[in-house]
2 protein chains.
Amino acid sequence: MNTYKSHVEKSECPIAHALDVIGDRWTLIIIREMMFMGKHEFGEFLEAPEKISTNILADRLKKLSSLGIIDFIEHPQNKTKKLYYLTDIGVGLIDVMVEVILWVDKYLSTAPSPIIENIKNHTPEFIEKTKKNIQSWNEKNL
Amino acid sequence: MNTYKSHVEKSECPIAHALDVIGDRWTLIIIREMMFMGKHEFGEFLEAPEKISTNILADRLKKLSSLGIIDFIEHPQNKTKKLYYLTDIGVGLIDVMVEVILWVDKYLSTAPSPIIENIKNHTPEFIEKTKKNIQSWNEKNL
DNA sequence: CAGGATCCGTTTCGATACTG
DNA sequence: CAGTATCGAAACGGATCCTG
């Protein structure tokens, strides 16, 4: 046994600051739904296969807002609704999310799917396309 | 309001399969300590600044083992100790971890640090160096 | 009727004391 | 010193209620 000298010095690894976002199942699910599924409404998030419950969803939406990762506006046609959307900080998480997808595919590989093939072979294009989708929604609605 | 047609079809986004690993604060901390700090022992993980408690640590080490992300051997000098190490699947998470680091730096920016500058400007080299460190430990000890 | 707050039974977490 | 047992605290799921 022989511990190598780490090339990263103590407390210089800032992953800690992301633990509240990345290290939480529900925030990740919400971000996934917004980022890749184009969802914006409370009721849409409830439809995610993980069956998030309403109190948890409300809590995490608040948390993500206070962290500056998402924000919301009033629904233009329905005063009782809000439209949640990713801020630039939130959109910035796409690189993390894509790496997660690639990792799952590479090592935990579930059934092969054409969309994963596409993401794998055209990663930058996929990221750009996703960002464009998000931004075009923002331009129309904000 | 105008929901764009998502380019990712329902249930084709496999992030779900990573939620147990990525969506858990403590597993992420353990992986960080192994990956970047070169830690291998139970007692070393306890020294992380997040102050993981012993039962949670034991639980997560078990969980990570059962997921195939880490494995362990008996300590060569001390029968009561185990040496935990990242498997190939675990090492494969480095791209995710690095993206998290870059995201934190870009958007949540804490104090600027030289090591982050280094990671930012030489990302592939940093990844390679980290992998090499891990692999050289593995070669010596497994 | 939709968002989301509240209440409550159950599960999980985590700090600490403890064991080998 | 690695790992377990215990037990109070917190999170969760689900139903229900409230408000606009």
Side-chain angles (χ1 to χ4, degrees), chain A residues 1-3 16 19-34 37-67 69-86 141, chain B residues 1-3 16 19-34 37-67 69-86 141:
Chain A
M1 153 66 178
N2 212 315
T3 306
L19 289 175
D20 286 341
V21 191
I22 310 295
D24 180 80
R25 172 184 181 77
W26 299 117
T27 61
L28 283 180
I29 290 169
I30 294 168
I31 291 166
R32 179 195 66 195
E33 297 295 310
M34 297 180 85
M37 305 302 172
K39 293 185 181 176
H40 293 92
E41 300 179 20
F42 194 92
E44 290 177 322
F45 302 135
L46 290 179
E47 291 163 10
E50 285 85 0
K51 295 282 152 232
I52 187 163
S53 60
T54 61
N55 56 343
I56 304 294
L57 177 55
D59 178 77
R60 295 306 197 278
L61 288 171
K62 245 178 232 165
K63 189 170 154 187
L64 286 169
S65 295
S66 77
L67 290 169
I69 290 163
I70 68 172
D71 204 348
F72 58 86
I73 52 170
E74 196 178 72
H75 192 296
Q77 271 96 55
N78 185 338
K79 298 278 190 190
T80 76
K81 285 190 179 188
K82 283 176 182 172
L83 293 176
Y84 298 91
Y85 63 92
L86 292 165
N141 295 281
Chain B
M1 153 68 175
N2 214 315
T3 307
L19 288 176
D20 286 342
V21 190
I22 310 296
D24 180 80
R25 172 186 181 77
W26 300 117
T27 60
L28 283 180
I29 290 169
I30 294 168
I31 291 166
R32 181 194 65 196
E33 298 295 311
M34 297 180 87
M37 305 301 171
K39 294 184 182 178
H40 293 91
E41 301 180 18
F42 195 92
E44 291 177 321
F45 302 135
L46 290 179
E47 292 163 9
E50 285 86 359
K51 295 281 152 236
I52 187 164
S53 60
T54 60
N55 59 341
I56 302 298
L57 177 55
D59 177 77
R60 296 306 196 279
L61 288 171
K62 246 177 231 164
K63 189 170 155 189
L64 285 168
S65 295
S66 77
L67 289 169
I69 290 164
I70 67 172
D71 204 349
F72 59 86
I73 53 170
E74 197 178 70
H75 192 296
Q77 271 97 54
N78 185 339
K79 298 279 188 189
T80 76
K81 285 191 179 186
K82 283 176 182 169
L83 293 177
Y84 298 91
Y85 62 93
L86 291 165
N141 295 280

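Worth knowing before you read on, the calculation uses all heavy atoms, side chains too, and leaves out hydrogens, waters and symmetry mates. Chain letters run A, B, ... following the sequence lines, proteins first, then strands; residues in each count from 1. Values in this document were obtained by computation on a predicted structure and should not be read as measured data.
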Closest non-hydrogen contact found for A/Ser66 with A/Lys63 is OG-O, 2.9 Å

Assign A/Arg25 to base, sugar-phosphate, or nothing according to its heavy-atom contacts below 4.0 angstrom with the strands shown. nothing

Please check: side-chain N/O of A/Lys39 versus main-chain N/O of A/Glu44, any donor-acceptor pairing under 3.5 Å? yes

B/Ile52 and B/Ile29, any side-chain heavy atoms less than 4.5 Å apart: no

With heavy-atom distances below 4.5 Å as the criterion, would you say the side chains of A/Leu67 and A/Val21 are in contact? yes

Do A/Leu64 and A/Ile31 have side-chain heavy atoms sitting under 4.5 Å apart? yes

Can you give me the first and the last nucleotide of DNA chain C (5' to 3') that has an atom within less than 4.0 angstrom of a non-hydrogen atom in chain A? C/dA2 to C/dC7

Side-chain heavy atoms of A/His75 within contact of A/Glu41, under 4.5 Å: yes

Roughly, in whole Å, what's the span from CD1 in B/Ile56 to P in D/dA9? 16 Å

Counting only heavy atoms not in B/Lys79 (residues, nucleotides, ligands), do more than 12 fall under 6.0 Å from its NZ? no

Starting at CZ of B/Phe72 and ending at C1' of D/dA2, how long is that distance when rounded to a whole Å? 12 Å

When the axes are fitted on five pairs at both termini, how much does the helix from C/dC1-D/dG20 to C/dG20-D/dC1 curve, in 10° steps? 20°

Let me know the distance between CG of A/Asp59 and P of D/dA11, rounded to the nearest Å. 8 Å

Earlier contact from the 5' end, DNA chain D, for B/Asn55 and B/Lys81: B/Lys81

For DNA chain C, whose closest nucleotide is more 5', that of B/Lys63 or that of A/Thr80? A/Thr80

Taking the nucleotide of DNA chain C with the nearest heavy atom to each, does A/Lys62 or A/Asn78 sit closer to the 5' end? A/Asn78

Correct closest heavy-atom pair for B/Ser53 and B/Leu46 would be C-CD2, 4.4 Å

Could you check if a side-chain atom of B/Thr54 sits within less than 4.5 angstrom of a side-chain atom of B/Phe42, using non-hydrogen atoms only? yes

Regarding B/Tyr84, tell me which of base, sugar-phosphate or nothing describes its non-hydrogen contacts under 4.0 Å with the strands shown. sugar-phosphate

Between B/Lys82 and D/dG3, does any side-chain N or O lie under 4.0 Å from OP1 or OP2? yes

